[in-house]
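Taking it in order: structure first as structure tokens, then the write-up.
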Amino acid sequence: MKKTVYTKAGQVGLIEVEHPQIIEADDAIIRIVRTCVCGSDLWSYRNPDIEAGHQNSGHEAIGIVEAIGDAVTTVKPGDFVIAPFTHGCGECDACRAGYDGTCDHHIGTNWSDGVQAEYMRFEYANWALVKIPGQPSDYTEAMLKSFLTLADVMPTGYHAARVANVQKGDKVVVIGDGAVGQCAVIAAKMRGASQIVLMSRHEDRQKMALESGATAVVAERGEEGIAKVREILGGGADAALECVGTEAAIDQALGVLHNGGRLGFVGVPHYSNRALGSTFAQNLTIAGGAASVTTYDKQFLLKAVLDGDINPGRVFTSSYKLEDIDQAYKDMDERKTIKAMIVID
Ligand SMILES: [Zn+2]
Ligand SMILES: [Zn+2]
């Protein structure tokens, strides 16, 4: 089967590898129907030290179960599933508290990679996989796109809003206008925020967010951006949702909050840790980490997509064949597309 590898900084390619096999009793083999490139994959793609042949970090897919291990009882071959990027057990304290993105039992093995390929081996399948009713042919392409967001970006955007405890009537600022930021806007609206301001300099992304429930957009950055947000909100925000992972984004988030405000961060951090005491004078609540993908999908996000209440699939602004995976990375890297989908069959 074909699988994507990093070949050098700024380039990926396909290699032929063996078809994956069931190894553990809780494994499933999935024939991938749609996968995609994540903003987080671009960190490896741009890395000048990347080794040729390094496995792709792709971790979002929907597909058809091809084989299951003996311990898997929740899905069977032929089922259509979301393959979350997380692999919670559903039983440990973290999973039961709704934090399966950081399952206590699967430390170090809780995230997928290598799924920009024709097939994947999905570990800890029994609890973590999310079954979609019917088959891919029962749905429109728009619906398949929304299902694919349920493997990562929609639950991740939702996680920012959840850990920041966004509530009805809240004033919310979203930092990051990529796929996760767009989904955070949708999530803030689902949770009843009264004002949602997106920080964005790109017209197409501003437009998408305004259609999804953002009430204002701010193009300015830094101190100027913070001042503009405060002017729009008539003061500081109740919650800031940081969906980028840079220090500048964290500074922006901390700057827009009123004292006592709440920061939810889901951008994979690419900055050195700040001292915990640095926010003492602001009385801030700070929380963040990997999303609880399976929990949110099973509890409400899959239903919200099936009912047509949310349409997160709009973040996929272009589609490619697996053979064109390098172009998919390039277009995301050059911001020609918000998120690139790979159509496998
Ligand atoms: Zn991702
Ligand atoms: Zn667990």
Side-chain angles (χ1 to χ4, degrees), residues 39 153-267 269 271 274 276 278-289 291 309-312 314-315 338:
V153 290
M154 185 61 225
T156 296
Y158 192 89
H159 194 61
R162 179 246 180 147
V163 296
N165 196 23
V166 171
Q167 305 204 30
K168 202 170 179 338
D170 273 354
K171 296 182 283 185
V172 177
V173 177
V174 176
I175 293 108
D177 62 2
V180 174
Q182 297 289 340
C183 290
V185 168
I186 295 171
K189 184 168 182 217
M190 287 175 87
R191 293 178 66 97
S194 63
Q195 293 187 65
I196 305 169
V197 180
L198 177 76
M199 313 292 297
S200 171
R201 294 191 286 200
H202 300 88
E203 209 173 316
D204 54 332
R205 295 164 189 238
Q206 294 175 346
K207 185 166 171 279
M208 183 178 284
L210 290 167
E211 286 167 6
S212 307
T215 52
V217 289
V218 169
E220 291 83 354
R221 300 248 169 128
E223 289 303 322
E224 217 183 327
I226 291 168
K228 189 79 185 282
V229 168
R230 287 178 170 272
E231 186 190 314
I232 290 169
L233 297 180
D238 300 303
L241 313 183
E242 189 280 311
C243 307
V244 182
T246 61
E247 186 145 24
I250 290 286
D251 284 338
Q252 197 84 67
L254 296 176
V256 297
L257 291 171
H258 60 66
N259 288 351
R262 305 171 313 260
L263 167 64
F265 69 99
V266 293
Y271 46 86
R274 286 158 173 270
L276 191 58
S278 68
T279 58
F280 188 85
Q282 287 179 279
N283 241 315
L284 299 181
T285 301
I286 297 179
D309 295 339
I310 59 171
N311 182 17
R314 291 167 69 240
V315 298
I338 297 179

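Sequential numbering from 1 along the given sequence is applied to the chain's residues.
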Should [X] and [Y] count as side-chain neighbours, where that means a heavy-atom distance under 4.5 Å?
{"X": "Q252", "Y": "R221", "value": "yes"}
{"X": "V173", "Y": "V218", "value": "no"}
{"X": "M154", "Y": "V315", "value": "no"}
{"X": "N165", "Y": "R191", "value": "yes"}
{"X": "R262", "Y": "D238", "value": "yes"}

Applying salt bridge (charged side-chain N to carboxylate O under 4.0 Å, His left out), name anything that partners D177, two or more places apart in sequence or on another chain. R205, R335
So, taking the atom named [atom1] in [X] and the one named [atom2] in [Y], what distance separates them when rounded to the nearest 0.5 Å?
{"X": "D251", "Y": "I175", "atom1": "CG", "atom2": "CD1", "result": "10.5 Å"}
{"X": "L210", "Y": "M208", "atom1": "CG", "atom2": "CE", "result": "11.5 Å"}
{"X": "Q195", "Y": "T215", "atom1": "CD", "atom2": "OG1", "result": "5.0 Å"}
{"X": "S212", "Y": "I310", "atom1": "OG", "atom2": "CD1", "result": "10.0 Å"}
{"X": "R162", "Y": "L241", "atom1": "CZ", "atom2": "CG", "result": "13.5 Å"}

Do you know which of H202, Q206, R201 makes side chain to side chain contact (heavy atoms under 4.5 Å, CB included) with V217? Q206
Got a sec: does the CD of E220 have more than 12 other heavy atoms crowding it under 6.0 Å? yes
Looking at E224, I want to see if its CD is surrounded by more than 12 non-hydrogen atoms of other residues, nucleotides or ligands under 6.0 Å. no
Identify the heavy atoms of [X] and [Y] that sit nearest to each other, and give their distance.
{"X": "D170", "Y": "Q167", "answer": "OD2-N, 2.8 Å"}
{"X": "V174", "Y": "C243", "answer": "CG1-SG, 4.4 Å"}
{"X": "C183", "Y": "P312", "answer": "SG-CB, 4.1 Å"}
{"X": "G264", "Y": "V163", "answer": "CA-CG2, 3.8 Å"}
{"X": "A291", "Y": "P155", "answer": "CB-O, 3.6 Å"}
{"X": "I286", "Y": "F265", "answer": "CG2-CE2, 3.9 Å"}

Salt-bridge contact K207-E211 (side-chain N to carboxylate O under 4.0 Å): yes
Short side-chain to backbone donor-acceptor contact, [X] and [Y], under 3.5 Å:
{"X": "Q282", "Y": "L254", "answer": "yes"}
{"X": "R230", "Y": "L257", "answer": "yes"}
{"X": "E231", "Y": "G234", "answer": "no"}

